[in-house]
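Quick caveat, the model's predicted, so the values are computed rather than measured. Per chain, numbering begins at 1; letters A, B, ... match sequence-line order.
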There are 2 protein chains.
Amino acid sequence: MKMKVKVKNKSRLDDFNKYKSHKGLKTSQKRLSIIEYFLKEDRHFSVEELYYEVKKVYPKVSYSTVYRTLKLLADSGLARICSFGDGTTRFEPAHKAEHHDHLVCQRCGTIIEFKSTEIELLQKKIAQKHNFLVVLHKLELYGLCANCKKKARRH
Amino acid sequence: MKMKVKVKNKSRLDDFNKYKSHKGLKTSQKRLSIIEYFLKEDRHFSVEELYYEVKKVYPKVSYSTVYRTLKLLADSGLARICSFGDGTTRFEPAHKAEHHDHLVCQRCGTIIEFKSTEIELLQKKIAQKHNFLVVLHKLELYGLCANCKKKARRH
DNA sequence: TTTACTGCAAATTATTTGCATGGAA
DNA sequence: TTCCATGCAAATAATTTGCAGTAAA
């Protein structure tokens, strides 16, 4: 089980290495640490979160480096930008973005992922009708999660 | 035909007036002009677009006023925030946002609206499964529009 | 050695806010 | 007259960039 995850991330890291040598980049410890953490956690991150995470290992790391690394990840196709309208940008591993959508709780900020092949199919149909080539999609449902709904009822 | 649109917008303006008196607000010419233009055009606007539009009538209008008015519109429920990941915030009439989604061309920026009751139905089901109360949804398909697809093929 | 990578501070961009003044009610 | 609305300039906040020093290749 654990093995599988490791192998998956390794292949993603390989993708990045290909991109890296193609662009003539170097491998710094900090950058590697950011990328590994990002892939290991396998969920969406705000720049701030990632910054503080990496700071634990490299206390001198700067926002610039985190921003620059995330940009590289996005360019190489490993990360996707996904913001939830709170004024900050978030990134998530591209392979997840492909087939996951989000329920976003407006009260507590919890984000629940879901997937629906039925919706994806309908999206494809709509795109076809408009002769549109879909590169990526984004579906978010905003509202109250089960917990906050319960709390709201109490008052 | 024209009549119908006018009546529709009038009723929205009435909604705003209700909100206005509830909040003890006043009616300034500039604010009214922004709101009327926003409702008349009935599509999404960046703050910048709206600013320059209003500037034609009131050359001295400031960004502050546009921002403040759009905030009022959002608070009163007439406008919805909808950003497309280019770093700026857009607003669209709420009644449109309710049942329209977007195809966004990443090449030329064209935005095509579509609606799908089937997808809406599936969204409801998903929300139910997670015991989630949906307040609003957002579905965007990013890619190439028919035109840009054609151009891309040529080269 | 060469050239990319980093931190820092300064620059940029989008948005908000404090304050004195003008304008509805 | 009483407050709300406005413009302006200054303040924030998120993100980017120039530059001089540091570290991979």
Side-chain angles (χ1 to χ4, degrees), chain A residues 13 16-38 44-76 79-91, chain B residues 13 16-38 44-76 79-91:
Chain A
L13 216 44
F16 182 74
N17 283 329
K18 218 180 289 175
Y19 174 83
K20 197 193 71 175
S21 51
H22 170 66
K23 288 274 185 181
L25 308 178
K26 291 179 178 173
T27 317
S28 82
Q29 285 310 304
K30 280 168 194 166
R31 183 181 287 171
L32 206 59
S33 161
I34 296 172
I35 295 176
E36 279 180 343
Y37 193 85
F38 180 76
H44 35 75
F45 269 105
S46 68
V47 179
E48 202 185 0
E49 272 180 297
L50 205 46
Y51 170 70
Y52 282 110
E53 226 24 82
V54 177
K55 223 176 163 53
K56 288 180 190 165
V57 186
Y58 295 100
K60 288 203 66 183
V61 79
S62 67
Y63 264 106
S64 315
T65 297
V66 178
Y67 272 110
R68 286 192 268 230
T69 303
L70 283 170
K71 187 162 223 177
L72 278 184
L73 282 172
D75 287 348
S76 75
R80 285 246 174 102
I81 295 166
C82 74
S83 45
F84 296 125
D86 63 343
T88 78
T89 303
R90 283 150 206 280
F91 291 81
Chain B
L13 215 46
F16 182 76
N17 283 328
K18 218 180 288 175
Y19 173 83
K20 197 193 67 174
S21 51
H22 170 66
K23 288 274 184 179
L25 308 179
K26 292 179 177 173
T27 316
S28 84
Q29 285 309 304
K30 280 169 193 165
R31 184 181 286 171
L32 205 60
S33 161
I34 295 172
I35 295 177
E36 278 180 343
Y37 192 85
F38 181 76
H44 34 75
F45 269 105
S46 68
V47 179
E48 202 186 0
E49 272 180 298
L50 205 46
Y51 169 71
Y52 282 111
E53 225 27 79
V54 177
K55 222 176 164 54
K56 287 179 190 166
V57 186
Y58 295 100
K60 287 202 68 183
V61 78
S62 68
Y63 264 106
S64 315
T65 298
V66 178
Y67 272 109
R68 287 191 267 231
T69 304
L70 283 170
K71 187 162 223 177
L72 279 183
L73 282 173
D75 287 349
S76 75
R80 283 243 175 105
I81 294 167
C82 74
S83 46
F84 296 124
D86 64 343
T88 78
T89 303
R90 283 151 206 280
F91 291 82

Whole-Å distance between [N] [atom2] and [X] [atom1]?
| X | N | atom1 | atom2 | value |
| --- | --- | --- | --- | --- |
| F45(B) | dT15(C) | CZ | P | 16 Å |
| Y51(B) | dT13(C) | OH | P | 16 Å |
| L32(A) | dA25(D) | CG | P | 10 Å |
| N17(B) | dA25(C) | CG | C1' | 14 Å |

Of all the heavy-atom pairs spanning H44(A) and C82(A), show the shortest one and how long it is.
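H44(A) and C82(A) have their closest heavy atoms at CB-SG, 4.2 Å.
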R31(B) to K26(B) - nearest heavy-atom pair and separation
NH1-O, 3.3 Å
Counting just side-chain N and O atoms, does T89(A) come under 4.0 Å of either OP1 or OP2 of dA14(D)?
no
Would one find a side-chain N or O of Y67(B) under 4.0 angstrom from OP1 or OP2 of dT16(C)?
no
Residues two or more places apart in sequence or in another chain: which of them pass side chain to side chain contact (heavy atoms under 4.5 Å, CB included) with K55(A)?
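Here the qualifying residues are Y51(A), Y52(A), V61(A).
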I want to check something: taking the side chain as every heavy atom from C-beta on, are [X] and [Y] in contact at a cut-off of under 4.5 Å?
| X | Y | value |
| --- | --- | --- |
| K30(A) | V54(A) | no |
| L13(A) | E36(A) | yes |
| T88(B) | V47(B) | no |

Within a 6.0 Å radius of atom CD1 on I81(B), are there more than 12 heavy atoms belonging to other residues, nucleotides or ligands?
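Atom CD1 in I81(B) is not packed in, count stays at 12 or less.
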Helical bend (five base pairs per end, nearest 10°) for the helix from dT1(C)-dA25(D) to dA25(C)-dT1(D):
20°
Determine the sole option in Y58(A), F91(A), F45(A) for which the ring pair (Phe, Tyr, Trp, His ring centres under 6.0 Å) test with Y37(A) is passed.
F45(A)
In B/S/- notation (B base, S sugar-phosphate only, - none; protein heavy atoms under 4.0 Å), nucleotides 2-12 of chain C written 5' to 3' is -BSSBBBB---
